[in-house]
Amino acid sequence: MTPVVGRGLGKLILCGEHAVVYGHAALAFAVDRATEVTVEPRAGRRALTDSDVSDPRLEAALDAVLPAEGLTVRIRSDLPVGRGMGSSAALAAALVRARAALDGARPTFEALFERALPVERVFHGNPSGLDVAVALRGGFLLYRRGPPLQAVPVEVSVPWQVVVLDTGRAGNTADLVAGVASRRPAIDAALERIGALVLDVRAHLPDPVAVGALLDENQSLLEQIGVSDPDIERLVALARAAGAHGAKLSGAGGGGIVIALVTDPEPVLRAARAAGVTAFTAAIGGAP
Ligand code: PMV
């Protein structure tokens, strides 16, 4: 047998994180970064011979999908870990795709999603499934957790880009999600407003000024629900001062990354460089 490869895409959440856990809509898109799992036969126990991902939970993730015997596994990834770019979901998607290729099967998106979600749970307690949906499907998605699951492709070309600015610290998604849960019901109105705002963004997607203003409002709601921090807010201010139409944290927060909506990325990239901040553009909508 020749080696088989499974691929899962990284993602960025445009808006709706945290509220999506409670059934509200979120918008997210795949980026041009991915994780690839290659498996090929070998005698004896399964062996992970080469991996760009190092995590104590990795073997448990492999156990959830692959046979314990008879395989060599290699993992390649150019996704930063713990930065809100969906590295664990990309791994989950790559693993279930590799398993399907091994079995010579062509499962539906829904079947792959059902298999990948428990792998994502190895890393995050109660994921909404948003990251897994984007890692598997690619493109730009409007997502609502099920049942019934909605992962609706958003077919729109937009005249803007996203610059990613890195706080340099990983946020702990499970802790941040638990923190939000502990502050309910006092923050339920803010979670509702985030959900409504996502639908406003969807309606105005080609308009960078309207979407930018809504992302700014989303950031202040994320501050209200307690998942932002001073490092995030410094990068948000830096991006806005450099001409971004809007900026907010993306992912769980508590560190991690900020996204800035721009029509010209150069001024934000320059300002980030001058401040010693790692920043890069992310192309929207990688294909699986
Ligand atoms: O930290 P990330 O990129 O996995 O994003 C988490 C997004 C949350 O909405 C906070 C949690 C979830 O499961 O959707």
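Basis for what follows: all heavy atoms, side chains included, without hydrogens, waters or symmetry-related copies. First listed ligand is number 1; within each ligand, the first listed atom is number 1.
Note that the CG atom of Leu12 and the CG atom of Asp131 stand 10.0 Å from one another [nearest 0.5 Å].
Residues with a heavy atom under 4.0 Å from ligand 1: Lys11, Ile13, Glu17, His18, Val20, Val21, Gly84, Pro127, Ser128, Asp131, Thr173, Val177, Gly251, Ala252.
When all heavy atoms of Gly129 and Leu117 are compared, the closest pair comes out as CA-CD1, 3.7 Å.
Every residue was checked against the salt bridge (charged side-chain N to carboxylate O under 4.0 Å, His left out) condition with Asp78, not counting sequence neighbours, and none meets it.
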Compile the donor-acceptor pairs under 3.5 Å between side chains in residues 259-285 and protein atoms, sequence neighbours left out, one pair per line.
unit_1	atom_1	unit_2	atom_2	d
Thr263	OG1	His245	NE2	3.0
Asp264	OD1	Glu266	N	3.0

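For residues 172-184, the pairs satisfying salt bridge (Lys or Arg N to Asp or Glu O under 4.0 Å) are Arg184-Asp188, with sequence neighbours left out.
Salt-bridge formation is detected for the pair Lys248/Glu17: a Lys NZ or Arg NE/NH1/NH2 atom is positioned less than 4.0 Å from an Asp or Glu carboxylate oxygen.
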